[in-house]
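Everything below concerns the one structure shown next.
Chain letters run A, B, ... following the sequence lines, proteins first and then strands; every chain starts at 1.
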Protein chains: 2
Amino acid sequence: MTDALDPRELTTYFALMESVGVLEHHVEQQLRAEGGISYVQFQLLARLADAAGPLTMTQLADGVVYSRSGLTYQAGLLEKAGLITRSPFAEDERTTLVTLTGKGAELVGRVLPGHIQVTRRLLFDPLSDDDIERLGDIMTRVRDHVRAQPPRSAAPRKRRGGSGSAAPVG
Amino acid sequence: MTDALDPRELTTYFALMESVGVLEHHVEQQLRAEGGISYVQFQLLARLADAAGPLTMTQLADGVVYSRSGLTYQAGLLEKAGLITRSPFAEDERTTLVTLTGKGAELVGRVLPGHIQVTRRLLFDPLSDDDIERLGDIMTRVRDHVRAQPPRSAAPRKRRGGSGSAAPVG
DNA sequence: TATTGTTATACTCTATAACTATA
DNA sequence: TATAGTTATAGAGTATAACAATA
């Protein structure tokens, strides 16, 4: 449990977070303008498109939305907009299955090219093919690692840690 | 302007965004619990700590907050909490200088070790030293690239693009 | 008892536009 | 005219807790 702050790690971390923050902001604007959806909504739709079949609410949420209620809220919006449908799952009646509609798939297809363009312009432009491959390799490993991490996203923690929490600023 | 979707780029991009999303969420929780601040607030304080001197509001915001009002809001909270002070700048009286207080510096110092720990556990654990160095190199280039990008963050765009915008989901 | 999902509610945060003041 | 910052306000999004229903 070394506390020493490796400056190389710190630099890497801050560059990563700032870059992704700016990228995400630009991507949000593109999605909002061309598709009328937020980035979270895009992630949910894209995940369904990728799955090529229905997902349960929990599967859908994992790594995207971090509270059950937030997920229900987003699913409600997407359903109201006709982009997904929700239906019961006979084999486990607690579960809700989420299916991408044709309209939803169409929206993903319509929005993706511009999305890619923004990503190219901001993220890939200054990188070589080798950089991209290496970055993909690294981040795939990180993603698998964080996915394997104990605290499941949609399952809220119960415990309130022994040392208490600091007084909030807001 | 190629629209073709290079699958390698897409994989890289999605892995990057999901990883950082999860990392940011964990970091938010750590900051909230140990320091009572949000990630945006941490970024602002850390930027001031790094600058080792006052910054203007605009310099402070760049790449962190994307609207002037959002910045004023956050600065208001931080000032109320005694973590920063705002003062006029004699050489340009439109400008507000933001200074980190001792309490603010103390908070950054107090929160940083746990912050690093979370980052290590989620981001750096599955990476080799060489990966980290390469990732740092890549993301530093990307950060410099996005910083150089035309649309300055705190300066809102005026134009409303010719093709109009899509109907919002919400 | 644990898990899946929904609802109600309170709160945080962001963005838009209108405004002030200085360059 | 353009830039720096503030204010008011409205809207989106998130989290907590209480709830119902199934495993």
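- B:Arg141 pairs by the side-chain hydrogen bond (donor to acceptor under 3.5 Å, both in side chains) definition with A:Asp131, B:Asp137, not counting sequence neighbours.
- Checked against C:dT6, D:dG5, D:dT14, the side chain of B:Thr72 finds its nearest nucleotide in D:dG5.
- The OH-P distance, from B:Tyr66 to C:dT16, rounds to 14 Å in whole Å.
- Counting only residues at least two apart or on different chains, the side-chain hydrogen bond (donor to acceptor under 3.5 Å, both in side chains) pairs with a member in residues 94-104 of chain B are B:Asp92-B:Arg94.
- The base of D:dA4 lies outside donor-acceptor range of the side chain of B:Thr58, with no N or O pair under 3.5 Å.
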For residues 75-89 of chain A, which side-chain N or O atoms pair as donor and acceptor with protein atoms under 3.5 Å away, sequence neighbours left out?
| from | atom 1 | to | atom 2 | distance (Å) |
| --- | --- | --- | --- | --- |
| A:Glu79 | OE1 | A:Arg86 | NE | 3.1 |
| A:Glu79 | OE1 | A:Arg86 | NH2 | 2.9 |
| A:Glu79 | OE2 | A:Arg86 | N | 3.0 |

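- The nucleotide whose nearest atom lies closest to any side-chain atom of A:His25 is, among D:dT14, C:dA15, D:dT6, C:dA15.
- Proximity of residues 73-95 of chain A to DNA chain C (heavy atom under 4.0 angstrom from any strand atom) is restricted to A:Arg86, A:Arg94, A:Thr95.
- The distance between atom CD of A:Glu28 and atom C1' of D:dG13, rounded to the nearest whole Å, is 11 Å.
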Polar-atom pairs under 3.5 Å, protein N or O versus N or O of nucleotides 18-20 of chain D: list them with distances, or write none.
none

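- A:Arg143 meets the side-chain contact (heavy atoms from CB on, under 4.5 Å) test with A:Thr140, A:Arg147, B:Ala15, B:Glu18, B:Ser19; sequence neighbours excluded.
- Taking 4.0 angstrom as the limit, B:Arg68 places a side-chain polar atom (N or O) nearer than this to OP1 or OP2 of D:dA4.
- Within the structure, ring pair (Phe, Tyr, Trp, His ring centres under 6.0 Å) contacts touching residues 90-126 of chain A (residues at least two apart or in different chains) are A:Phe42-A:His115, A:His115-B:Tyr13.
- Scored by the side-chain contact (heavy atoms from CB on, under 4.5 Å) test, B:Glu106 finds B:Arg110 as partners (sequence neighbours excluded).
- Within the structure, a side-chain polar atom (N or O) of A:Ser38 is placed less than 4.0 Å from OP1 or OP2 of D:dG13.
- By the side-chain contact (heavy atoms from CB on, under 4.5 Å) test, B:Pro168 pairs with no residue at all, sequence neighbours left out.
- Nearest-nucleotide assignment on DNA chain D puts the 5′-proximal partner with B:Thr96, out of B:Thr96 and B:Gly170.
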